[in-house]
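Owing to the predicted nature of the structure, the values given are computational and were not obtained by experimental measurement.
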Amino acid sequence: MTQYVFQKITPPTRGEVIQLQEGRVVPPERPIVPFIEGDGIGPDIMRAARLVLDEAVRLAYGGRREIVWFEVYASRKAQELLGELLPADTLRVLQTYRVGLKGPFTTMAGPRGYRSLVAQIRQQLDLYACIRPIRYFRGVPAPVRHPEKVDMVVFRENTEDVYAGLEWGAGSEEARRLREWLREVLGVEVRADAGLGLKLISAYGSRRLVRAALRYAVERGRRSVTLVHKGNIMKYTEGAFREWGYEVAREEFGGQVVTEAEVGEVYGGSVPAGKVVLKDRLADNMFQQVLLRPEEYDVLATPNLNGDYLSDALAAQVGGLGMAPGANVGDRAAIFEATHGSAPKYAGLDKVNPTSLILSGVMMLEWLGWVEAGGLVVRGLEATFEERYVTYDLARQMVGATEVRTSQFAERVVRNMGG
C-alpha cells in the first residue's frame with residue numbers, strides 16, 4: 001500500500017485506502033478505518049462497537065474482508081498526548097482515508113469565539129449531511145404508545161444556518177460595528193445590549209442536502225421525503241430552503257419524485273407505483289406530526305437547527321439517544337458517531353449502552369456496501385433486546401431484565417449474530 005506520512009502519528013502498515021469512482025465509494029477488502037475513542041464513556045463503547053463490527057465482518061465474509069483500525073486523536077486524549085484538542089494530523093487522516101468512527105466528546109469550556117470540535121470537523125471536511133436513521137427495536141422501553149410506527153431518517157444540513165459560527169457577543173466591538181451598519185445602511189435598529197448572529201442558508205447548501213435526501217429515498221425504496229422548515233416566518237432563509245428543495249426535485253428527479261400536491265391533483269390521491277412523494281411541513285407542526293402520525297413520514301430534510309431538535313425528539317420516542325445512530329457525510333468523506341454525550345461520571349465503569357455507536361457502525365458498513373455484515377449486527381441487537389439482556393439504562397425500565405456491563409452486552413450481540 002502507499003504509505004502516507006503524518007507528523008505525529010503512524011498509519012497501519014497493512015490495509016488500503018477507500019477510493020471514490022464517479023462519486024461512489026469503492027472499498028478494498030481490508031479498508032483502513034480511523035477511529036477516535038472520544039471522552040468519558042467513549043473508550044468503553046468504542047471497544048464494544050469494534051468487537052461487534054469485527055465479528056460481523058468475519059461472519060459475513062468468512063475472513064475475506066476485514067476492517068483495519070487506525071486510532072487518531074481529538075479532544076481530551078489529543079490534548080494529553082499531543083498538546084492540542086484537534087491536531088492537524090487527525091483532520092489529514094480523516095481526509096486521506098475518507099472515513100472515521102467517532103465516540104462522544106465532552107463539551108469544552110472555551111474563550112469567546114471557541115467552536116465545538118464536532119462542528120470544526122464537519123466544516124473542515126465539508127460533511128454537509130448529518131444523517132440519523134431512527135427506528136424502534138422491539139422490547140426497548142419507550143414513552144409513547146406505538147414506538148414501532150417510528151421509522152424515519154433525518155437529513156440535517158450540517159454546515160450553515162445559525163450553526164455557521166457567525167455570532168458576536170453583546171457589548172463586543174464587532175457587535176457594535178454590525179449594529180451601526182444595520183442602522184446606517186438598512187435602517188434597522190438593534191438594542192445596544194444584544195448579541196448578534198447571522199443565519200445563513202444558501203441555494204448551494206440547501207440543494208445538495210435535499211439532493212442527498214432524495215437520492216437516498218429513491219435508492220432505498222423509501223416512500224416520501226418531507227422538507228421541514230419555518231418558511232412562514234423566515235421567508236428568505238427557511239422559506240428559500242423549501243423552494244430550492246422543490247427545484248431540485250423538479251429538475252433532477254422528475255421521473256422518480258412526485259409532489260404531494262400532484263398526488264391529489266393529478267393522480268386522484270393515489271401515489272404512482274415506484275414514486276417518492278415530496279412533502280413539506282412547518283417545523284412546529286412537524287413536532288406534532290411525528291407524535292400523532294409518525295407512520296406518514298419517512299425521510300425528513302431540514303436546515304441545521306430544525307434537524308438538531310427534531311432528530312433528538314424522534315430518538316426520545318424509540319428509547320432515547322442511546323438508541324440513535326448518526327453520520328456526518330460529504331461527497332468525499334464520512335464520519336460515523338454516537339449521537340449522545342460523553343457521560344463522564346460513568347467513564348471507565350463498563351456500564352453504559354453502546355447501541356448508538358454500534359448502529360453508527362452499521363451505517364458505516366452500509367456506506368462501504370457491506371450490507372450483509374450490517375444486517376448481522378441488526379439481527380444480533382434485535383435478539384439481545386428481546387432477551388432483555390441490557391445495560392443499566394434499559395434494565396431499570398424493563399420488568400425481568402438482566403442488567404449487564406457494556407462489554408457483556410456486546411458479547412451477547414456477537415453471540416446472537418450467529419443465530
Side-chain angles (χ1 to χ4, degrees), residues 40-60 103-104 132-152 290-291 294-295 311-326 337-343 345-363 365-366 372-419:
I41 60 173
D44 286 347
I45 64 172
M46 184 62 73
R47 278 191 295 272
R50 288 176 58 193
L51 172 69
V52 171
L53 298 175
D54 283 341
E55 187 64 13
V57 171
R58 186 190 69 79
L59 284 172
R132 292 188 175 179
I134 299 157
R135 54 153 290 189
Y136 178 65
F137 285 87
R138 191 166 59 188
V140 173
V144 296
R145 286 187 177 182
H146 294 288
E148 73 280 358
K149 292 183 178 181
V150 176
D151 184 5
M152 298 183 216
V290 298
L291 283 168
E295 68 276 12
S311 58
D312 282 13
L314 280 168
Q317 291 182 233
V318 299
L321 285 177
M323 302 300 301
E337 62 178 358
T339 58
H340 53 71
S342 63
K345 72 176 182 177
Y346 296 122
L349 299 183
D350 194 27
K351 185 177 179 70
V352 300
N353 185 355
T355 302
S356 174
L357 190 59
I358 291 172
L359 285 172
S360 297
V362 171
M363 294 181 70
L365 293 174
E366 293 172 345
E372 301 87 356
L376 284 177
V377 177
V378 171
R379 184 171 80 183
L381 285 167
E382 288 173 336
T384 304
F385 290 131
E386 288 188 19
E387 292 174 340
R388 303 185 181 188
Y389 192 87
V390 292
T391 49
Y392 86 100
D393 57 312
L394 299 179
R396 63 188 176 182
Q397 303 177 67
M398 287 181 176
V399 176
T402 300
E403 181 177 332
V404 299
R405 295 184 177 278
T406 308
S407 54
Q408 292 173 314
F409 176 82
E411 289 163 3
R412 191 68 156 227
V413 171
V414 165
R415 192 181 91 173
N416 285 330
M417 287 192 304

Identify the two heavy atoms, one from [X] and one from [Y], that lie closest to each other, and give their separation to 0.1 Å.
X      : Y      : value
Val377 : Ala56  : CG2-CB, 3.5 Å
Leu51  : Ala410 : CD2-CB, 4.0 Å
Leu365 : Gly374 : CD1-N, 3.7 Å
Thr384 : Gly380 : OG1-O, 2.7 Å
Pro43  : Gly40  : CD-O, 3.4 Å

Quick one: list whatever passes side chain to side chain donor-acceptor pair (under 3.5 Å) with [X], sequence neighbours left out.
X      : answer
Asp44  : Arg47
Glu295 : none
Gln317 : none
Ser407 : Asp350

Practice task
Among Met398, Lys351, Arg396, find the one that has a side-chain contact (heavy atoms from CB on, under 4.5 Å) with Glu403.
Solution key: Lys351

Practice task
Enumerate the residue pairs fulfilling side chain to side chain donor-acceptor pair (under 3.5 Å) with a member in residues 132-149, sequence neighbours excluded, ordered by first and then second residue.
Solution key: Arg132-Ser311, Arg132-Asp312, Arg135-Glu382, Arg138-Glu386, His146-Glu148

Practice task
Without swapping roles, check the side chain of Thr391 against the backbone of Val404 for a donor-acceptor pair under 3.5 Å.
Solution key: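 Between the backbone of Val404 and the side chain of Thr391 there is no qualifying donor-acceptor contact (under 3.5 Å).
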
Problem - Side-chain donor or acceptor of Ser360 paired with backbone N/O of Pro325 under 3.5 Å - result: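 No; zero donor-acceptor contacts below 3.5 Å.
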
Exercise for the section: Could you give me the CA-CA distance, side-chain angles and deciding distance for Phe409 and Leu381, then say whether side chain to side chain contact (heavy atoms under 4.5 Å, CB included) is met? Expected result: CA-CA 9 Å; Phe409 176 82; Leu381 285 167; 3.8 Å; yes

Nearest 0.5 Å, what's the [atom1]-[atom2] distance between [X] and [Y]?
X      : Y      : atom1 : atom2 : result
Met363 : Glu337 : CE    : CD    : 10.0 Å
Leu53  : Met46  : CG    : CE    : 9.5 Å
Asn416 : Tyr389 : CG    : OH    : 10.0 Å
Leu59  : Leu376 : CG    : CG    : 6.0 Å
Glu55  : Met417 : CD    : CE    : 5.5 Å
Leu321 : Asn353 : CG    : CG    : 11.0 Å

Exercise for the section: Tell me, please, which residues at least two apart from Ala338 pass side-chain contact (heavy atoms from CB on, under 4.5 Å). Expected result: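 With sequence neighbours excluded, Ala338 shows a side-chain contact (heavy atoms from CB on, under 4.5 Å) to Ile45, Pro104, His340, Ser356, Leu357, given in chain and number order.
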
Practice task
Output, in order, the C-alpha distance, side-chain angles, deciding distance and verdict of side chain to side chain contact (heavy atoms under 4.5 Å, CB included) for Val318 and Phe137.
Solution key: CA-CA 8 Å; Val318 299; Phe137 285 87; over 6 Å; no

Exercise for the section: Any chance you could lay out the side chain to side chain contact (heavy atoms under 4.5 Å, CB included) test for Leu394 and Arg388, step after step, and finish with the verdict? Expected result: CA-CA 9 Å; Leu394 299 179; Arg388 303 185 181 188; over 6 Å; no

